[in-house]
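Indexing begins at 1, ligand by ligand and atom by atom, following the structure's order. Atoms considered below: every heavy atom in the structure, side chains included; atoms not considered: hydrogens, waters and symmetry mates.
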Amino acid sequence: MKKFSRFIGLLFLISFLFSCNTYNIRIEKALQSIQAQDIKQHDSILASDAFMGRKPFTKGEGKTIHYLKNAFEKLGLKPANHGSYFQDVPMVELKANPSKKMKIVTKNGPLNLRYLDEYVATTRRMVEKVEVKHSPMVFVGYGIVAPEYHWNDYKNLDVKGKTVIMLVNDPGYVLHDTTLFKGKTMTYYGRWTYKYEEAARQGAKGVVVIHETGPAGYPWTVLRNGAQNASLLLRAKDKNLSRCAFEGWVTTDAARKLFAKAGLDYNKLSAAALKPDFQAVPLNTTVSLEINSQLRYDTSHNVMAMLPGGERADECVIYTAHWDHFGIGPKINGDSIYNGGDDNGYPLACLLETAKAFSKLDFKPKRTIVFLAVTAEEEGLLGSEYYVTHPVFPLNKTVADINYELFIPMGKMKDVTITGYGQSDLDDEVKTLAKAQGRYVVEEPHPENGMYFRSDHFSFAKYGVPSLFCKGWTESATKGKAWTAAHVNDYWKHHYHQPSDEYHSTDDAAGLVQDTRLFVRLGLNLAQQKDFPNWKPGSEFKARRDKMMQEVH
Ligand SMILES: [Zn+2]
C-alpha cells in the first residue's frame, strides 16, 4: 500500500513536471513571436513624419488611433469598450490669462507680484472669468494631510474662502530623514498636483506653492514657459467649480518678500513646518487676482482591445502606453515634427507586440487581458485619468496596470530599472522574472525627482490599482553602465520632447524584446493566479486599494 501510494505520487510528480514543461513551451512559443524587427517596423510607422507627431485633435490622432485599432483587429483581439475599440475622452483646451499683477495687501502696505517673473497662476474652472477679491492668506506648511504618516497641516483650521500658501515637496525630502515620509524619495504628498487637490478638498479659494528648484525638481523657467501655453483638461460635469478658483506658484524671493512685508520670519516658519505639530499661520494679508480664459471643447480617444479571460473574464490585467506626443511645433535644427520615436513610439510598438504574443497563446488566460493606448499623457496623464474614472472593468477587479513609457533602444540590457521601487508586490514578481532572464532589478536612481508621478501607471496608482513602471535603463549588456548613463543623459538633454526624438533604422531593439517578454510573462502570471497584488505597507496608495477590495466583489 505504501509502495503503491509512493508510485502514484511519483506518477503525479512526473505528469505535473511534464505539464509545467509543456505549459512553458507553449508560452515560450508565444514569447518568441516578439521580435526586434517587428517592434522597429511599428515604430518606423508610428514615429514617421506622416503621423505628424501624434497630437490629440489633429490628423495625426486619426492616423494613430486607426493604426492601433487595425493592428489589434488583425490580431483577432476584441474591442474592449462595450463593442468599440475607442473610448471617447471629452476635453477642454483652456488658455488662462491672469492679471499682470497679483495684488497683495499686508498690514504694512501693499505688495504687487509680477506675472511670470514672480508668480504664475492658472485655473481649472471651465468658465470665462474667475475673480478673487481680498482672499485672506494662510501659510499651511507643506499643505499635506497624510494619515499613514500621522501628518495634518490643516488641523484646527478652516480655510473656506481663503488662499493657502505652502512649501513644495515633503518634510522627509527636505531633511533627508527616512523616518519622515519616504526620506528623499518624493511621495505623492510632495507633488504640486496633490497640494492643489488637497487645498480644493479643504475648500480653499486659492492655492499657491512656493517654488524652489531643488525640491521641485525643475527651475522656475519651466513654470514660466508652461504658464504661457494653453492646457488641456478633462471635461468635468461641475466645470471644476469644486477646484480652487486659482492655482499658482510664487518664486522663493517673492515668498520671502511677502512674509517680510507681513512681519513674519520665512526661515523660522519653514523650519517649524518640518515638525508634525506645526500649526498653520494666518498671514493677516489678502490676495486679489483675476483670470480670463479662452475655452475650446473637443474630444480625443483612448484605444482599447482585449483578450477575454477563460475563467474569470470579469477580472483583468491592463497594459498601458500613451499614443500621443507633441505634434508639430517650434522648429529646432530645421525640424518641426515632434515624432516621439522613443516617447512613446517604441513603447506603443511593444504594447502591440505584447498583444501579438497573447494572441499567439494556444490557451485562454484565466483573467481578461486589456491593451489600452491612452491619449493626452503629455498634457497631464489625461487619457489614463479618464479611463480610471470611467473604467470598463471595475477597479477592484483590475489586478494591475503594467505601463510602457519612454523606451530607448540601447541593445540588450542587464538590468530592469523600477521607478517607484518598493511601492507594490509587483516588484517581487519582476525580480523573479528578471532573474530568469539573467537580469537584475535596480531602483531608479533619482526618486527625488518624482518621475513616478509622471506617466500613466500613476493614474492607476492614484486610484488604488497596483501599477508598474520599469524597463532596462541602467546597464547595457555589451557597453556597460557608464555608456548607458551617458546615452540616457544625452537623450534627456538633446532629444527629450524635441523633434530629434526619432526612429532610426540602425536602432538596436533587442532590449525592448527583453522588456516586452518580461511584461508578457508578468501579465500572464497575474492572469493565471487568484490573488490580487497589493501596495506594500507604507505606500500612500494602500489605503485606497484596501478599501475598494473590501467592497463586495
Ligand atoms: Zn511619454
Measure from the Zn ion (ligand 1) to each N, O or S atom of Glu378 and report whether any distance is below 2.8 Å.
no
Tell me whether Glu405 has at least one N, O or S atom under 2.8 Å from the Zn ion (ligand 1).
yes
Close side-chain approach of Cys316 to Arg367, heavy-atom, < 4.5 Å:
no
What about Tyr452 and Phe469, are their ring centers closer than 6.0 Å?
no
Please list, chain by chain and in numerical order, all residues satisfying side-chain hydrogen bond (donor to acceptor under 3.5 Å, both in side chains) with Glu212, sequence neighbours excluded.
none
Shortest-distance N, O or S atom of His322 relative to the Zn ion (ligand 1):
NE2
Look at the N, O or S atoms of His325, main chain and side chain alike, and state whether any lies under 2.8 Å from the Zn ion (ligand 1).
no
Report yes if the distance between the aromatic ring centroids of Phe72 and Tyr85 is under 6.0 Å, otherwise no.
no
Name all residues meeting the salt bridge (charged side-chain N to carboxylate O under 4.0 Å, His left out) criterion together with Glu540; count only those two or more places apart in sequence or in a different chain, and write none if there are none.
Lys182
Any idea which N/O/S atom from Asp343 gets closest to the Zn ion (ligand 1)?
OD1
